[in-house]
Amino acid sequence: MQDLKKVVVIGASGFGREALDTLEAMQAAGAEFEVEGVVDDAPSDINLERLEQRGIRYLGKREDWVREAGSAEYFVLGIGAPTIRRKIASELEALGKVPFQAIHPTAVIGTNTEIAQSAVVCARAVISTNASLGDYVHVNPNATLGHDARIEPFSSINPAAIISGEVLVEEEVLIGAGATVLQQLTVGKKTVVGAGAVVTKDVPAEQVVVGVPGRWESSGSSTTESF
Ligand SMILES: CC(C)(COP(=O)(O)OP(=O)(O)OC[C@H]1O[C@@H](n2cnc3c(N)ncnc32)[C@H](O)[C@@H]1OP(=O)(O)O)[C@@H](O)C(=O)NCCC(=O)NCCS
């Protein structure tokens with residue numbers, strides 16, 4: 001019999017443990033792989049306690065994991081912040097580690113979608129037909145991606161956000177919880193869309209968007225008024 005793939009989760013904080021939930025749900029639904037434990041360079045005491053409570057081993061810092069002969073080859077990157085995620089992903093890939101796709105069995109995946117091998121899709125997310133998720137994209141619980149939406153590498157779609165049809169979310173974007181992006185718009189690279197905002201126009205790169213309708217510094221009505 002072939003050896004089971006061994007997977008570690010990188011990150012003991014909130015999203016890391018949600019990624020663990022996703023992996024455990026996949027196992028409960030019949031997927032065959034082993035979760036070896038969690039790697040984190042600086043876990044808090046409370047997060048170590050939380051891992052212990054659920055019977056998950058803490059495997060040490062990344063350098064410990066990478067050094068240890070015979071340790072898992074596969075990883076799920078459970079770190080919420082897009083820029084840090086990019087840095088750690090490139091370090092791990094350079095060391096020959098392989099990303100493992102985590103898709104919760106309750107997620108609804110439409111026809112002809114493209115989901116990168118390194119993406120994480122949490123419980124009850126909806127990825128509609130012909131949508132695509134780039135490398136290391138995170139889609140949090142209850143988020144919805146409309147038809148033909150494209151989410152570029154290292155972006156995060158937070159819980160219950162709605163990305164409408166044909167939207168382009170460029171790299172390293174964070175779409176806040178419950179935010180909505182209307183159809184056919186583009187959200188530029190490294191922009192943060194605040195929780196609950198409604199994006200009604202294309203947003204340039206590296207902006208912070210808040211409110212309904214969404215505003216940002218260079219959009220004419222300064223966000224600093226509402227901040
Ligand atoms: C918009 C956001 C990026 C701003 O973060 P920040 O720069 O650290 O801002 P602060 O928390 O210092 O807040 C600054 C001001 O903006 C307001 N503000 C913060 N977030 C806001 C939002 N989403 N919508 C409207 N106003 C917001 C604050 O009330 C504060 O107003 P005040 O100056 O009148 O007191 C952030 O609040 C946000 O919404 N991030 C997404 C969070 C998310 O999705 N969380 C779920 C994780 S699972």
Side-chain angles (χ1 to χ4, degrees), residues 1-44 47-82 84-125 127 131-141 151 153-157:
M1 206 182 85
Q2 225 187 336
D3 284 349
L4 289 183
K5 284 181 179 171
K6 288 186 179 176
V7 181
V8 306
V9 171
I10 312 291
S13 297
F15 194 82
R17 283 175 288 108
E18 289 185 332
L20 269 176
D21 284 351
T22 299
L23 292 173
E24 288 169 356
M26 289 165 70
Q27 289 173 316
E32 294 194 347
F33 57 87
E34 278 175 32
V35 176
E36 203 177 58
V38 169
V39 169
D40 192 314
D41 282 2
S44 65
N47 285 339
L48 287 176
E49 210 175 298
R50 286 169 173 147
L51 292 180
E52 199 180 332
Q53 275 166 5
R54 64 194 286 173
I56 296 286
R57 277 203 308 148
Y58 169 58
L59 302 170
K61 298 180 182 188
R62 264 179 296 146
E63 61 182 38
D64 301 331
W65 172 51
V66 167
R67 208 177 35 228
E68 200 180 307
S71 68
E73 184 188 355
Y74 294 90
F75 69 93
V76 172
L77 202 36
I79 292 174
I84 301 173
R85 195 147 85 234
R86 167 167 248 146
K87 181 173 173 289
I88 294 179
S90 65
E91 283 172 18
L92 292 176
E93 286 194 19
L95 291 163
K97 300 294 184 185
V98 181
F100 186 84
Q101 192 182 58
I103 301 182
H104 199 286
T106 63
V108 177
I109 311 292
T111 50
N112 297 330
T113 52
E114 279 178 37
I115 302 183
Q117 192 54 40
S118 48
V120 181
V121 179
C122 294
R124 296 185 303 277
I127 315 289
S132 67
L133 305 187
D135 291 335
Y136 299 97
V137 163
H138 286 176
V139 181
N140 279 268
I151 314 297
F154 301 101
S155 287
S156 288
I157 313 298

Quiz item: CD/Gln117 to CD/Gln101 distance, rounded to the nearest 0.5 angstrom?
Solution: 5.0 Å

Quiz item: From Leu133 CG over to Ile115 CD1, what is the distance, rounded to the nearest 0.5 angstrom?
Solution: 5.0 Å

Quiz item: Which residues pass the salt bridge (charged side-chain N to carboxylate O under 4.0 Å, His left out) test with Glu91, sequence neighbours left out?
Solution: Arg62, Lys87

Quiz item: Do you know the tightest heavy-atom contact between Pro153 and Val137?
Solution: CA-CG2, 4.2 Å

Exercise. Please name the pair of heavy atoms, one in Ala19 and one in Val76, separated by the smallest distance, quoted to 0.1 Å.
Key: CB-CG1, 4.0 Å

Quiz prompt | Atom pair CD1 (Ile10) and CG (Leu92), whose distance is rounded to the nearest 0.5 Å | solution = 5.0 Å

Quiz item: Do the non-hydrogen side-chain atoms of Arg85 and Ser156 ever get within less than 4.5 Å of each other?
Solution: yes

Quiz item: Would you call Arg67 and Asp64 a salt bridge, taking side-chain N to carboxylate O under 4.0 Å as the test?
Solution: yes

Practice problem: Would you check, one step at a time, whether the test side-chain contact (heavy atoms from CB on, under 4.5 Å) holds for Val35 with Gln27? | Solution: CA-CA 9 Å; Val35 176; Gln27 289 173 316; 3.9 Å; yes

Quiz item: Quick check: are there more than 12 heavy atoms from other residues, nucleotides or ligands sitting under 6.0 Å from CD of Glu114?
Solution: no

Quiz prompt | From Gln53 atom CD to Leu48 atom CG, the distance as rounded to the nearest 0.5 Å | solution = 11.5 Å

Quiz prompt | Shortest non-hydrogen contact from Met26 toward Ile103 | solution = CG-O, 3.3 Å

Quiz item: Do you know the tightest heavy-atom contact between Ser118 and Pro99?
Solution: CB-CB, 3.4 Å

Quiz item: Say you draw a straight line from CH2 of Trp65 to CG of Asp41; how long is it, rounded to the nearest 0.5 Å?
Solution: 11.5 Å

Quiz item: Donor-acceptor pair, His138 side chain versus Cys122 backbone, under 3.5 Å?
Solution: no

Quiz item: Between Ala125 and Asn140, what is the shortest heavy-atom contact and its length?
Solution: CB-O, 3.9 Å

Exercise. Output the distance between atom CG (Leu51) and atom CG (Asp40), rounded to the nearest 0.5 Å.
Key: 8.5 Å

Self-check item: Side-chain heavy-atom pair Ile56, Glu24 within 4.5 angstrom cut-off
Solution: yes

Exercise. Ignoring hydrogens and angles, tell me if any N or O in the side chain of Arg57 forms a donor-acceptor pair with the backbone of Gly37 under 3.5 Å.
Key: no

Quiz item: What ring pair (Phe, Tyr, Trp, His ring centres under 6.0 Å) pairs are there with at least one residue in residues 91-125, not counting sequence neighbours?
Solution: Phe33-Phe100

Quiz item: So is Lys5 actually on top of Tyr74's ring, under 6.0 Å and inside 45° of the axis?
Solution: yes

Practice problem: Taking all heavy atoms of Val120 and all of Leu77, pick out the closest pair and write down the distance. | Solution: CG2-O, 4.4 Å

Quiz item: Is the count of non-hydrogen atoms from other residues, nucleotides or ligands lying under 6.0 Å from Ile109 atom CD1 greater than 12?
Solution: yes

